[in-house]
J.: 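Quick one: structure below, then a few questions.
Small disclaimer: the values here were computed from a predicted structure and weren't measured.
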Amino acid sequence: MPELPEVETVRDGLERLVVGAVVREVEVFRDYSVRRHEGGPAGFSDQLRGRRLVAAARRGKYLWLPLAGERAGVEDAALLAHLGMSGQLLVRDPAVAGDWAHPHLRVRLHLDDAPSGARYLDFVDQRTFGHLSVTDLVPTPDGAPGGRGSDLAAVPEPVAHIGRDLLDPAFDAAATVAVLRRRRTGIKRALLDQTVTSGVGNIYADEALWRARLHYARATDRLRPVEVRRALEAATEVMTESLAQGGTSFDDLYVNVNGESGYFARGLAVYGREGEPCPRCGTPVRRDVFMNRSSFTCPVCQPRPRQGRW
């Protein structure tokens, strides 16, 4: 599942390459990829055709492109994308790359006036868990910017319940520490709760907790404020470093808008490294089953708690 750095890498590419473009035509090749749009494929196409992409914004793992102009009675709307496990937004110029179609192409937006000269914005999704929709924008409760890359005090309606992420300029660390310490859960479960703080997924939670020297089952209500803050700061550090390297790619399912993979997987300390030596102390990394996934820890640097929340 793409996490915050991967989604931010895509957002940055969209901002540079397609913001300012007008959607001339829309082709939906798989109806399921627009299943969250109430009007179905025809309504989805109608509400995009003729509208300008005016910004590229993100909150956590959600991306959206606010739309200018009125079309089919829709105002203050955005093209919302969730990449799911394998979704890709690819910016293509057939004059450079040739007029080919990806075998897992689900939706194609034909563009005019893109600053990069691109002609297509393609939504490619092998496993089809991702989706696109056109949705209304609603004001944020505090009136602050709705997400990274947008100075609009609004977010798409399906995103309104998602917490601000660690890279959001309006993120309130002190308030988040207080919220986490009131919860009766393990620290990793708390970090993965997208309603508290968004964008942290399994990979970066494991890496952050290793840096913070905290076991994933440490009870949040038993942690000191300084320990919770350390976990949040470690998550911020690891995602910032990953962002600088274009995100984490283990195969060709996550790529940026140009189809290129990120390189942060080479710098992971514990995730996916069962049995390999901890970079800090040399102890073999341990893997545990966690929420139908895996958690990777160093048994020495991150000792199991006596009163953990599993």
Side-chain angles (χ1 to χ4, degrees), residues 1-12 14-15 19 33-40 43-44 47-48 51-85 87 89 107 123 129-180 182-183 185 189-201 204-205 232 235-236 239:
M1 178 76 74
E3 300 181 25
L4 185 152
E6 292 77 51
V7 179
E8 171 59 19
T9 298
V10 175
R11 186 210 66 81
D12 177 70
L14 294 175
E15 183 175 69
V19 166
S33 294
V34 296
R35 61 190 178 278
R36 300 290 180 92
H37 186 85
E38 293 184 0
F44 176 80
Q47 292 181 11
L48 280 174
R51 305 193 72 177
R52 189 176 299 275
L53 310 174
V54 298
R58 173 195 54 74
R59 176 173 286 189
K61 303 173 187 179
Y62 282 89
L63 280 167
W64 68 92
L65 296 161
L67 303 169
E70 297 182 17
R71 186 76 183 182
V74 177
E75 300 177 357
D76 300 321
L79 171 62
L80 177 65
H82 194 288
L83 300 180
M85 294 186 70
L89 286 168
V107 180
F123 180 61
F129 291 118
H131 55 84
L132 302 179
S133 62
V134 178
T135 182
D136 293 339
L137 291 168
V138 297
T140 56
D142 55 9
R148 188 178 178 96
S150 172
D151 59 0
L152 304 174
V155 296
E157 193 168 10
V159 183
H161 70 289
I162 301 294
R164 293 186 181 276
D165 62 65
L166 294 167
L167 302 185
D168 191 320
F171 176 74
D172 189 334
T176 304
V177 168
V179 169
L180 291 176
R182 288 196 297 268
R183 301 219 160 188
T185 187
R189 284 180 181 271
L191 290 176
L192 296 178
D193 185 344
Q194 302 297 296
T195 65
V196 178
T197 181
S198 59
V200 181
Y204 298 114
L232 294 176
T236 303
M239 290 193 294

J.: So, does S198 use its side chain to make a donor-acceptor pair with the main chain of G163 at under 3.5 Å?
T.: yes
J.: Which atom pair, heavy atoms only, marks the closest approach of L192 to V200?
T.: CD2-O, 3.5 Å
J.: Drop me the distance from T197's OG1 to R164's CZ, to the nearest 0.5 angstrom.
T.: 11.0 Å
J.: Let me confirm one number: the CZ-CG distance from F171 to L232, rounded to the nearest 0.5 Å.
T.: 5.0 Å
J.: Restricting to non-hydrogen atoms, name the atom on V19 and the atom on A55 that form the minimum distance, rounded to 0.1 Å.
T.: CG2-C, 3.6 Å
J.: Determine, step by step, whether L48 and H37 satisfy the side chain to side chain contact (heavy atoms under 4.5 Å, CB included) criterion, reporting the C-alpha distance in whole Å, the side-chain angles of both residues, the deciding distance to 0.1 Å, and the verdict.
T.: CA-CA 12 Å; L48 280 174; H37 186 85; over 6 Å; no
J.: The criterion is side-chain contact (heavy atoms from CB on, under 4.5 Å); which residues satisfy it with R36, sequence neighbours excluded?
T.: H131, S133
J.: State, yes or no, whether a side-chain contact exists between E8 and M239 at a heavy-atom distance under 4.5 Å.
T.: no
J.: Indicate the atoms forming the closest heavy-atom contact of L137 with P156, along with that distance.
T.: CD2-N, 3.5 Å
J.: Please report the C-alpha distance between L67 and L53 in whole Å, then the side-chain angles of each, then the deciding distance to 0.1 Å, and finally whether the side chain to side chain contact (heavy atoms under 4.5 Å, CB included) criterion is met.
T.: CA-CA 5 Å; L67 303 169; L53 310 174; 3.5 Å; yes
J.: Calculate, to the nearest 0.5 Å, the distance between atoms CZ and CZ belonging to R11 and R59 respectively.
T.: 14.0 Å
J.: Out of L79, V134, V159, which residue meets the side chain to side chain contact (heavy atoms under 4.5 Å, CB included) rule with W64?
T.: V159
J.: Please give me the minimum heavy-atom distance between L167 and R58, naming the atom from each residue.
T.: CB-NH2, 4.4 Å
J.: What is the minimum heavy-atom distance between H82 and F123, and which atoms define it?
T.: O-CZ, 4.4 Å
J.: Does any non-hydrogen side-chain atom of V107 lie less than 4.5 Å from one of F44?
T.: yes
J.: CG/L180 to CZ/R189 distance, rounded to the nearest 0.5 angstrom?
T.: 14.5 Å
J.: Please report the shortest heavy-atom distance between P66 and A56, naming the atom on each side.
T.: CD-N, 4.5 Å
J.: Does some side-chain heavy atom of L63 sit less than 4.5 Å from a side-chain heavy atom of L80?
T.: no
J.: Can you tell me how far CG of L65 sits from CG of L132, rounded to the nearest 0.5 angstrom?
T.: 9.5 Å
J.: Hey, what do you get for OG1 (T185) to CG (D193), rounding to the nearest 0.5 Å?
T.: 8.5 Å
